Amino acid sequence: MDTRALRPLTDTTGPFVSVHFDDSHDTEDAGKQLRLRLKEIEAALSEQNADPETVDVVLRTAEAGPPPVGRAGRSLIAANGKIVADRRLAAPPAGQDARYSDLPYFLPVVTHTEDVPDYVLVLVDRVGAEVEVHHADGTTRSETVRGRDDDVHKVRGGGPAHRSIQAHSDETVRRNLEDVATHVAKTVERTGAGLVVLAGEVQARAELREQLPEPVRSITQETETGGRAAGSDRDELDERVHELLTGRHLVELDDLAERFRAEVGRGSGLAVSGLQAVTAALAEANVATLLVGEPGDTEVLTGTEPTQVGVAKPRLAALGAEHPAKHRADEALPYAAVAVGADVVVMDERIDLPDGFAALLRHP
């Protein structure tokens, strides 16, 4: 996950209230279930002697705003009576978390927030296409590519005259789709989109894909769902696009795991694992991507600055932290990663991570 959106956490003084919960609205009693979950969260934070003002703002924020559609999760992080991070999650977290600690806990945000790239959705037929650019910030821009529609229909019958008319019709369709392909290619170049999804008429999709330049074709996926015709199921199309984006994310995780294994195998010095090596790299701001497995309750030592992190007091003293404190590694290391501008990725079981952490470095 690109952690730039979490950077305000490193500019905020704790302690922090961090809550992550199921915010699904897929049942008739969803509102009641949410209130019950919030009561559990309030009780858990009370047991930790959390700041009442900060707890109150978290609870009020959790009930505010329009509910999501279907299954979802939510993460709220607050400090000093103010919300610092409020993120909707693509799926409910595996378990409900409510922490009050000196450092924020945001791994569930990383786990359930997919880095959605800008993508282009093309609804195409023989006449033209609706081209939608979906930006990572949730905004959408739509454009229409119109071709000639007076002679694009199949002609029945036979004989030279009919064949001539049909050939002219096919040529018109080809030119229409050529215009669409040019528009899509320019759109991808302009936006840096990471995915193109083709929907619409089967033959038009196939012909359009063939006309796309290879760099665009390589990031293009087709779907049988959706189209330009009135009555097309948009909800089903949006769900299919989400599936394609999720699949792309899983492929990226597999590629990242393979890259890590390759760097370890080459002995390049660009991949390290274990708390001692990873904390040393974070302290030197030399981490490009922090890889997280199952850290459990492991603790590390930290100073007053996010990058003052290590496993031994002499190391903390060398970093200028004379009175280090113990903190959970699943809070301290991602927090340091955000401070140095590193990505944070939860790897599940794709690679073996000693102590639950590894890192890809910026330089050996």
Side-chain angles (χ1 to χ4, degrees), residues 1-116 134-140 234-235 238-239 241-242 245-246 249 328 330-331 334-335 338 344 346:
M1 175 187 177
D2 185 333
T3 60
R4 283 176 293 184
L6 297 174
R7 193 62 187 268
L9 294 174
T10 63
D11 298 325
T12 304
T13 302
F16 295 84
V17 167
S18 306
V19 301
H20 313 278
F21 56 94
D22 185 339
D23 194 28
S24 298
H25 279 65
D26 56 348
T27 61
E28 292 184 1
D29 66 341
K32 178 182 178 181
Q33 292 300 320
L34 175 60
R35 288 189 292 273
L36 290 174
R37 285 191 286 270
L38 293 181
K39 284 186 177 296
E40 294 173 355
I41 288 172
E42 183 178 19
L45 293 171
S46 178
E47 290 180 1
Q48 300 172 58
N49 296 316
D51 168 39
E53 182 182 4
T54 304
V55 173
D56 182 63
V57 74
V58 166
L59 296 176
R60 284 189 287 106
T61 302
E63 289 194 280
V69 177
R71 292 185 58 73
R74 194 169 183 183
S75 291
L76 291 165
I77 302 176
N80 308 307
K82 296 181 180 179
I83 298 293
V84 186
D86 181 356
R87 299 294 293 264
R88 296 282 186 179
L89 307 181
Q96 185 167 284
D97 281 295
R99 291 191 190 181
Y100 184 61
S101 54
D102 292 336
L103 301 178
Y105 173 61
F106 54 82
L107 279 185
V109 177
V110 176
T111 304
H112 295 285
T113 301
E114 299 167 2
D115 286 328
V116 178
H134 293 256
H135 295 286
D137 62 4
T139 60
T140 302
R234 186 55 194 243
D235 289 340
D238 290 342
E239 183 177 344
V241 171
H242 177 72
L245 291 168
T246 300
H249 175 68
R328 292 177 60 112
D330 62 2
E331 296 173 358
Y335 187 61
V338 171
V344 179
V346 176

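Just so it is clear, the structure is predicted and the values come from calculations on it, not from any experiment.
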Heavy-atom closest contact (P92 atom, S24 atom, distance) | CG-OG, 3.6 Å

Quick one: pull up OG1 in T12 and CD1 in I77 and give me the separation to the nearest 0.5 Å.
-> 10.0 Å

May I ask you to test the R328-S101 pair for a side-chain heavy-atom distance under 4.5 Å?
-> no

Nearest heavy-atom pair of R37 and D22: which atoms, and what distance?
-> NE-O, 2.6 Å

So how far is it from L36 CG to I41 CD1, rounded to the nearest 0.5 Å?
-> 11.5 Å

Using a 4.5 Å cut-off on heavy atoms from C-beta on, say whether the side chain of D23 contacts that of R88.
-> yes

Just jot down the side-chain contact (heavy atoms from CB on, under 4.5 Å) partners of N49, sequence neighbours excluded, or say none.
-> none

Closest non-hydrogen atom pair between V84 and A79, with its separation | CG2-N, 3.9 Å

For T27 and Q33, run side chain to side chain donor-acceptor pair (under 3.5 Å): C-alpha distance rounded to whole Å, both residues' side-chain angles, the deciding distance at 0.1 Å, then the answer.
-> CA-CA 9 Å; T27 61; Q33 292 300 320; over 6 Å; no

For D97, which residues count as a salt bridge (charged side-chain N to carboxylate O under 4.0 Å, His left out) partner, sequence neighbours excluded?
-> none

Kindly give the heavy-atom pair with the smallest separation between E331 and P104, and that separation in Å.
-> CB-O, 3.8 Å

Heavy atoms, side chains only, cut-off 4.5 Å: are V344 and L107 in contact?
-> yes

Could you check if a side-chain atom of T54 sits within less than 4.5 angstrom of a side-chain atom of F16, using non-hydrogen atoms only?
-> no

In short, L34 meets F21 closest at the heavy-atom pair CD1-CE1, 3.8 Å

Sorted by chain and residue number, the salt bridge (charged side-chain N to carboxylate O under 4.0 Å, His left out) partners of D86 (sequence neighbours excluded) come out as R74

Could you tell me which residues satisfy salt bridge (charged side-chain N to carboxylate O under 4.0 Å, His left out) with D51, sequence neighbours excluded, listed by chain and number?
-> none

Say whether, by atom type as modelled, one donor and one acceptor occur between the side chain of Q48 and the main chain of V17 under 3.5 angstrom.
-> no

Pair R60 + D56, salt bridge at N-O below 4.0 Å = yes

Under the salt bridge (charged side-chain N to carboxylate O under 4.0 Å, His left out) rule, collect the residues that match up with R35, sequence neighbours excluded.
-> none

Hey, does the side chain of T61 reach the backbone of V57 with a donor-acceptor pair shorter than 3.5 angstrom?
-> yes

4.5 Å side-chain heavy-atom contact, S75 and F106 | no

So the ring pair (Phe, Tyr, Trp, His ring centres under 6.0 Å) pairs with at least one residue in residues 69-105 (sequence neighbours excluded) are H20-Y105

So which heavy atom on N80 is nearest to which on G14, and how close?
-> OD1-O, 4.3 Å

